[in-house]
Amino acid sequence: MSKMKVGVIGATGMVGQRFLTLLSDHPYFEVSVLAASARSAGKTYKEAVGERWKMTTPMPEQYKDMVVMDAADIAAVGEKCSFVFCAVDMKKEDIRALEEAYAKAEIPVVSNNSAHRWTPDVPMVIPEINDEHLAVIAAQRARLGTKRGFIAVKPNCSIQSYVPALTPLRKYGIKEVVATTYQAISGAGKTFKEWPEMIDNVIPYIGGEEEKSEQEPLRVWGKVENGEIVKADAPLITTQCIRVPVTDGHTAAVFVRFENKPTKEEILDAWKNFSGKPQELKLPHAPEQFITYFEEDNRPQAKLDRDIYGGMGVTVGRLREDTLFDYKFVGLSHNTLRGAAGGAVLIAELLYREGYFD
């Protein structure tokens, strides 16, 4: 079976680079377009990236001599691929306009960006949790006047360190959540070479992150009504988001209160048995075990555990009763894999298997 041609828009940035490492030998997709800003257009990918290759693995050979296209030349890009991944670094309103222009040109967009996360008829998906939200694409196509084009997005990287662990516990009536996230520097698109100020440092502020961390889980847990996603009205979530000197991996310290307090054994069982459509369909980037619990007191650790199942698994540890809340635990996810490019690739795999690219 021939592979589907795909473009990567914003291919020269950190997330774009991550997309290319994930797609270099993909069973469904073949990268046929690399696109970026006008200043990179016309150069080979190797020339355009220069010394800014940020992955720990070498640049895949098949991309080095590909000529970078102008991401604004939608017609030219569309002639060479069937859909695009988008990871551009632009103003939010410009990203919103660009992605919608691609969709209106009948080129589906799977986006890593935040620009359309709150567009009512754009699904924001963690595939194991809310794959049913893809049904809203029909209403989006009706609004855009397209037969094939649409936009689908992935949520903020930090919420994937704790939302997966909370999701199977919602049946116990989650009332309140307090979460503090300790976020890696790659979440800002940086390495220690580029950001030496982060060495031996902690910064207690990440612009806009706390609002995303408190509100996006409610949209993921929402439902499709009358052609749009209506966010859940509970639980109440409050967060703090802190930048820490870690290369990759967002850690969350979570406190939770329930209406019907489960036992520790019930929580552990819920985590162990939680899976979704990616596992059912055996998608290429689906982790065999979505949530892995560590019994050791000093786990999960970013350096040891962020790469579990190719960086697509979520790890949890230190579940114990709390003196103020019912329980507390620690979660961890890889922010540029599960939380960014890998999560978007998993969404695309699900869209492909469910026929949305047809």
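Count residues from 1 along the sequence. Atom set for the values below is all heavy atoms of this structure, side chains included, hydrogens, waters and symmetry mates excluded.
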Item to check | Contact summary for Gln279 and Gly276, nearest pair of heavy atoms | outcome: OE1-N, 2.9 Å
Next on the checklist: Would you say the rings of Trp53 and Tyr63 are close, in the sense that their centroids are separated by under 6.0 Å?
Outcome noted: no
Checklist entry - Same hydrophobic cluster for Val314 and Leu169, using side-chain heavy-atom links shorter than 4.5 Å among ILVMFWY? => result yes
Could you give the side-chain donor-acceptor pairs of residues 220-228 under 3.5 Å, partners two or more places apart or in another chain?
unit_1, atom_1, unit_2, atom_2, d
Trp221, NE1, Thr167, OG1, 3.0
Lys223, NZ, Glu225, OE2, 3.2

Next on the checklist: When you measure from the side chain of His250 to the backbone of Ala184, do you find a donor-acceptor pair of N or O atoms at a distance under 3.5 Å?
Outcome noted: yes
Checklist entry - Looking at side-chain heavy atoms only, is the closest gap between Leu20 and Val8 below 4.5 Å? => result yes
Would you mind writing out the side-chain donor-acceptor pairs for residues 281-289 within the sub-3.5 Å range, not counting sequence neighbours?
unit_1, atom_1, unit_2, atom_2, d
His285, ND1, Glu349, OE2, 2.7
Gln289, NE2, Lys272, O, 2.7
Gln289, NE2, Ile291, O, 3.1

Next on the checklist: Please report the interatomic distance CG(Asp131) to CD(Glu354), rounded to the nearest 0.5 Å.
Outcome noted: 7.0 Å
Next on the checklist: Looking only at side-chain N and O atoms, does Glu210 offer a donor or acceptor that is under 3.5 Å from a partner on Ser213?
Outcome noted: no
Next on the checklist: According to a hydrophobic-cluster definition based on side-chain heavy atoms being under 4.5 Å apart (Ile, Leu, Val, Met, Phe, Trp, Tyr only), do Ile347 and Val6 belong together?
Outcome noted: yes
Checklist entry - What do you reckon, is CD of Glu197 surrounded by more than 12 foreign heavy atoms closer than 6.0 Å? => result yes
Next on the checklist: Can a side-chain donor-acceptor contact be found between Gln183 and Asn335 if the only test is distance below 3.5 angstrom?
Outcome noted: no
Checklist entry - Can you tell me how far OH of Tyr327 sits from CD1 of Ile267, rounded to the nearest 0.5 angstrom? => result 4.5 Å
Checklist entry - Does CG belonging to Asp200 count more than 12 external heavy atoms closer than 6.0 Å? => result no
Item to check | From CA spacing to verdict: side chain to side chain contact (heavy atoms under 4.5 Å, CB included), Asp65, Lys46 | outcome: CA-CA 7 Å; Asp65 295 325; Lys46 184 177 180 180; 5.5 Å; no
Next on the checklist: Keeping Arg243 on the side-chain end and Val202 on the backbone end, is there a donor-acceptor pair under 3.5 Å?
Outcome noted: no
Checklist entry - Is the closest side-chain heavy-atom distance between Glu99 and Val88 below 4.5 Å? => result no
Checklist entry - Below 4.0 angstrom, N of the basic side chain to O of the carboxylate: do Glu128 and Arg338 qualify? => result yes
Compile the donor-acceptor pairs under 3.5 Å between side chains in residues 306-313 and protein atoms, sequence neighbours left out, one pair per line.
unit_1, atom_1, unit_2, atom_2, d
Arg306, NE, Ala302, O, 3.4
Arg306, NH1, Thr247, OG1, 3.2
Arg306, NH1, Asp248, O, 2.8

Checklist entry - Any donor and acceptor pair, going by atom type alone, linking the side chain of Lys54 with main-chain N or O of Ser186 inside 3.5 Å? => result no
Checklist entry - Aromatic ring centroids of Tyr352 and Phe83 under 6.0 Å? => result no
Checklist entry - Is the His26 ring parallel, tilted or perpendicular to the Tyr28 ring (thresholds 30°, 60°)? => result perpendicular
Checklist outcome for this item: Closest non-hydrogen atoms of Arg299 and Phe294, given as atom of the first, atom of the second and distance, are NH2-CE2, 3.3 Å
Checklist entry - After noting the C-alpha distance and the side-chain angles of Glu100 and Lys104, does the key distance pass the salt bridge (charged side-chain N to carboxylate O under 4.0 Å, His left out) rule? => result CA-CA 6 Å; Glu100 192 158 299; Lys104 287 182 175 179; 3.6 Å; yes
Checklist entry - Short question: side chain of Asp269, backbone of Glu265 - any donor-acceptor pair under 3.5 Å? => result no
Checklist outcome for this item: Residue set satisfying salt bridge (Lys or Arg N to Asp or Glu O under 4.0 Å) with Glu321, at least two apart, ordered chain then number -> Lys261
Next on the checklist: So, using side-chain hydrogen bond (donor to acceptor under 3.5 Å, both in side chains) as the criterion, who are the partners of Asp326 when residues are at least two apart?
Outcome noted: none
Checklist entry - Do Ser275 and Glu280 pass the side chain to side chain contact (heavy atoms under 4.5 Å, CB included) test, and can you show the C-alpha distance, the side-chain angles, and the key distance before you say yes or no? => result CA-CA 8 Å; Ser275 65; Glu280 176 187 329; over 6 Å; no
Checklist entry - Sub-3.5 Å donor-acceptor pair from the side chain of Glu216 to the main-chain atoms of Pro155, do we have one? => result no
Checklist entry - Can you find a heavy atom in the side chain of Pro164 that is under 4.5 Å from one in the side chain of Phe290? => result yes
Next on the checklist: With a 4.5 Å cut-off on side-chain heavy atoms, are Pro127 and Lys277 touching?
Outcome noted: no
Checklist entry - Passes side chain to side chain contact (heavy atoms under 4.5 Å, CB included), Ile129 versus Val163? Steps please. => result CA-CA 9 Å; Ile129 295 175; Val163 166; 4.0 Å; yes
Item to check | Any donor-acceptor N/O pair, Glu259 side chain to Lys175 backbone, under 3.5 Å | outcome: no
Next on the checklist: Tell me whether Asn130 contacts the main-chain N or O of Met124 through its side chain, where contact means a donor paired with an acceptor under 3.5 Å.
Outcome noted: yes
Item to check | Ala341 to Asn112 - nearest heavy-atom pair and separation | outcome: N-OD1, 4.0 Å
Checklist entry - Do Thr21 and Arg18 pass the side chain to side chain contact (heavy atoms under 4.5 Å, CB included) test, and can you show the C-alpha distance, the side-chain angles, and the key distance before you say yes or no? => result CA-CA 5 Å; Thr21 62; Arg18 180 68 78 182; 3.8 Å; yes
Checklist entry - Under 3.5 Å, side chain of Tyr45 to main-chain N/O of Ala11, donor-acceptor pair present? => result yes
Next on the checklist: With a 6.0 Å cut-off (strictly less than), is the heavy-atom count around NZ of Lys43, excluding the residue itself, greater than 12?
Outcome noted: yes
Checklist entry - Ignoring hydrogens and geometry, is there a side-chain-to-backbone donor-acceptor pair from Lys328 to Arg320 under 3.5 Å? => result no
Checklist entry - Honestly curious: do Tyr162 and Ile242 fall in one hydrophobic cluster under the side-chain, below-4.5 Å linking rule? => result no
Next on the checklist: Working to the nearest 0.5 angstrom, can you tell me the gap between Asp233 CG and Leu218 CG?
Outcome noted: 8.5 Å
Checklist entry - Which pair of non-hydrogen atoms, one from Lys5 and one from Ser32, has the smallest distance, and what is that distance? => result CB-OG, 3.4 Å
Checklist entry - How close do Pro235 and Val177 get, heavy atom to heavy atom, and via which atoms? => result CG-CG2, 4.2 Å
Checklist entry - From Phe255 CZ over to Thr180 OG1, what is the distance, rounded to the nearest 0.5 angstrom? => result 7.0 Å
Item to check | Glu194 (side chain) donor-acceptor with Thr191 (main chain) under 3.5 angstrom | outcome: yes
Checklist entry - Which value, rounded to the nearest 0.5 Å, describes the distance between Leu34 atom CG and Lys64 atom NZ? => result 13.5 Å
Checklist entry - Does Val109 belong to the same Ile/Leu/Val/Met/Phe/Trp/Tyr cluster as Val77, with side-chain heavy atoms less than 4.5 Å apart forming each link? => result yes
Checklist outcome for this item: Taken to the nearest 0.5 Å, the spacing of Ile159 CD1 from Ile126 CD1 works out to 4.5 Å
Item to check | With sequence neighbours excluded, residues passing side-chain hydrogen bond (donor to acceptor under 3.5 Å, both in side chains) with Asp73 | outcome: none
Next on the checklist: Starting from Ile107, can I reach Leu351 by hopping between I/L/V/M/F/W/Y residues whose side chains sit under 4.5 Å apart?
Outcome noted: no
Checklist entry - Taking all non-hydrogen atoms of both residues, which atom of Asp305 and which atom of Pro300 are closest, and how far apart? => result OD2-CA, 3.1 Å
Checklist entry - Does some side-chain heavy atom of Pro245 sit less than 4.5 Å from a side-chain heavy atom of Asn201? => result no
Checklist entry - Heavy-atom count around Arg39 CZ within 6.0 Å, excluding the residue itself: above 12? => result no
